Chemist: 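The structure's right below; bear with me while I get my questions together.
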Amino acid sequence: MSIIQAVIIAIVEGITEFLPVSSTGHMIIASSMMGISDSDFTKIFEIAVQLGAILSVVVLYWKKFFDFGKWQFYAKLFIAVVPALLLGFLFSDAIDELLESPTTVAVALLAGGIILLYIDRLFKTHVIADDKDISYGKAFIIGIWQCVAMIPGVSRSASSIIGGMQQKLTRTLAAEFSFYLAVPTMMAATVYKLFLKDYPAAGGNIKGYEIVFSNSYNTTAFIVGNIVAFIVAVLAIKFFIGYLQKHGFKLFGIYRIIVGVILLVMIYAGYLK
């Protein structure tokens, strides 16, 4: 992976992480189209570059994250992230195999797009407009919905937003709670990839951070990628909230369907493997 390729992947991550279109799916597609080798560093980078996107949420919503007097906010995030932590730990290897499949991404994009077209009709009652009114039970159920996004192409943002609306949150609050939930979820995934997962190497296993910092080239790509992802994600979040309040999810559903169909055609034609 070159520095330019790392920047492109980071831009894709920053734009798509908080939109209901699947950042992981788009990064897999971008990597495949650029012919990036399926190395350990590439696998780590596509997860660890989310660190920059995480920081964008913390910066934009810093009053929420640093109001230590409201411990209930942290408790709800903890309860909501538990399902993803458990399933991620139990099925890490199976998830890694799915991450290598553009076909899985294409089908998931297509199916998710159809759901987004009708989400406003499916969940018409929105009575919860403040995160203080989200019960612990509702937070847990939203966390279960988020686990669907372990299938590449589904979108963590889309699944948790759908879960929020199913639990009667307004569109805006469902999106914002999805942003909040991204912080512990993505942080856990990044920590696992960097510090806990073993990668086979000559002479034994090594950790992800050793691969990232094994040479100046990998380190530069990692740092630059996260800076780019942070800047782009800040802009994407501001756009998404403003757009969502006025127009809803239909455009994102149409986009997912178009991309899913194009990908299936490209895979069938042999342009993507």
Side-chain angles (χ1 to χ4, degrees), residues 13 15-26 50 53 57 61 76-77 79-88 91 95 98 104-131 133-186 189 233 236-237 239-260:
E13 159 64 19
I15 292 174
T16 60
E17 179 58 51
F18 300 106
L19 304 183
V21 296
S22 178
S23 61
T24 302
H26 279 73
Q50 296 174 338
V57 177
Y61 294 93
K76 291 172 185 175
L77 287 187
I79 290 171
V81 81
V82 165
L85 294 181
L86 289 176
L87 289 180
F91 301 104
I95 293 169
L98 286 175
T104 301
V105 172
V107 173
L109 280 168
L110 187 59
I114 294 171
I115 293 174
L116 286 180
L117 285 181
Y118 298 100
I119 185 173
D120 288 314
R121 297 182 188 179
L122 289 172
F123 308 121
K124 296 180 180 179
T125 304
H126 311 297
V127 296
I128 302 175
D130 193 308
D131 63 83
D133 298 321
I134 301 174
S135 68
Y136 296 115
K138 289 183 181 297
F140 184 74
I141 292 173
I142 294 171
I144 292 175
W145 274 92
Q146 180 181 235
C147 292
V148 181
M150 291 182 179
I151 302 171
V154 168
S155 169
R156 188 209 59 79
S157 176
S159 58
S160 53
I161 288 173
I162 291 170
M165 292 184 68
Q166 186 266 333
Q167 290 298 302
K168 303 187 185 308
L169 276 62
T170 63
R171 288 189 308 214
T172 299
L173 180 59
E176 290 182 338
F177 192 75
S178 172
F179 299 161
Y180 306 153
L181 186 54
V183 175
T185 303
M186 292 155 57
I237 289 173
F239 159 78
F240 183 45
I241 289 297
Y243 183 89
L244 196 61
Q245 290 172 337
K246 297 179 180 178
H247 306 289
F249 296 98
K250 190 172 183 179
L251 177 64
F252 300 105
I254 294 171
Y255 171 80
R256 288 179 64 117
I257 291 171
I258 292 172
V259 173

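Atoms considered below: every heavy atom in the structure, side chains included; atoms not considered: hydrogens, waters and symmetry mates. As the structure is a prediction and not an experimental result, all values here were calculated from the model.
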Chemist: Using every non-hydrogen atom in the two residues, find where Val57 and Tyr180 come nearest and quote the distance to one decimal.
Modeler: CG1-N, 4.4 Å

Chemist: As an exercise, state the distance from CG of Leu251 to CG of Leu244, rounded to the nearest 0.5 Å.
Modeler: 11.0 Å

Chemist: Using atom types as modelled and distance alone, determine if a side-chain donor or acceptor of Arg256 lies under 3.5 Å from a backbone N or O of Gly153.
Modeler: yes

Chemist: Strictly by modelled atom types, are Glu17 and Ser23 linked by a side-chain donor-acceptor pair under 3.5 Å?
Modeler: yes

Chemist: Looking at Tyr118, I'd like to know if its OH atom is crowded, meaning that more than 12 non-hydrogen atoms belonging to other residues, nucleotides or ligands lie closer than 6.0 Å.
Modeler: no

Chemist: Could you check whether any side-chain heavy atom of Glu176 comes within less than 4.5 Å of a side-chain heavy atom of Ile241, counting everything from C-beta outward?
Modeler: yes

Chemist: Taking the side chain as everything from C-beta on, heavy atoms only, tell me whether Trp145 gets closer than 4.5 Å to Pro83.
Modeler: no

Chemist: Is any side-chain heavy atom of Gln167 less than 4.5 Å from a side-chain heavy atom of Phe177?
Modeler: no

Chemist: Quick one: closest heavy-atom pair of Leu181 and Ala80, and the distance?
Modeler: CD1-CB, 3.5 Å

Chemist: How long is the straight-line distance from CD1 of Ile142 back to CE of Met165, given to the nearest 0.5 Å?
Modeler: 11.5 Å

Chemist: Atom OG in Ser159, atom CD1 in Ile144: separation rounded to 0.5 Å?
Modeler: 12.0 Å

Chemist: Among Ile141, Thr185, Val154, Ile161, exactly one meets side-chain contact (heavy atoms from CB on, under 4.5 Å) together with Gln146. Which residue is that?
Modeler: Thr185

Chemist: Between Arg156 and Ser178, is there a donor-acceptor pair closer than 3.5 Å when you use the side chain of the first and the backbone of the second?
Modeler: yes

Chemist: Can you tell me how far the OG1 atom of Thr172 sits from the CZ atom of Phe240, to the nearest 0.5 Å?
Modeler: 9.0 Å

Chemist: Of all heavy-atom pairs between Ala53 and Ala233, which one has the smallest distance, and what is that distance?
Modeler: CA-CB, 4.0 Å

Chemist: Grab the two heavy atoms, one from Ala129 and one from Leu173, that are nearest each other, plus how far apart they are.
Modeler: C-CD2, 3.6 Å

Chemist: Return the CG to OG distance between Leu116 and Ser155, rounded to the nearest 0.5 Å.
Modeler: 8.0 Å

Chemist: Would you call Val21 and His26 a side-chain contact if the rule is heavy atoms closer than 4.5 Å?
Modeler: yes

Chemist: Within a strict 4.5 Å, meaning less than it, do heavy atoms of the Tyr61 and Ile237 side chains meet?
Modeler: yes

Chemist: Side chains of Lys250 and Tyr255, heavy atoms from C-beta outward: is any pair under 4.5 Å?
Modeler: no

Chemist: Which heavy-atom pair separates Leu109 from Ser22 by the least distance, and what is that distance?
Modeler: CD2-CB, 4.2 Å

Chemist: So, taking the atom named CG in Leu19 and the one named OH in Tyr243, what distance separates them when rounded to the nearest 0.5 Å?
Modeler: 11.0 Å

Chemist: So, do Ile162 and Phe123 sit near enough that their side-chain heavy atoms are less than 4.5 Å apart?
Modeler: yes

Chemist: Any side-chain to backbone donor/acceptor pair from Lys76 onto Asp131? Under 3.5 Å, distance only.
Modeler: yes

Chemist: Check the pair Leu117 / Ile257 against side chain to side chain contact (heavy atoms under 4.5 Å, CB included), numbers first and verdict last.
Modeler: CA-CA 10 Å; Leu117 285 181; Ile257 291 171; 3.5 Å; yes

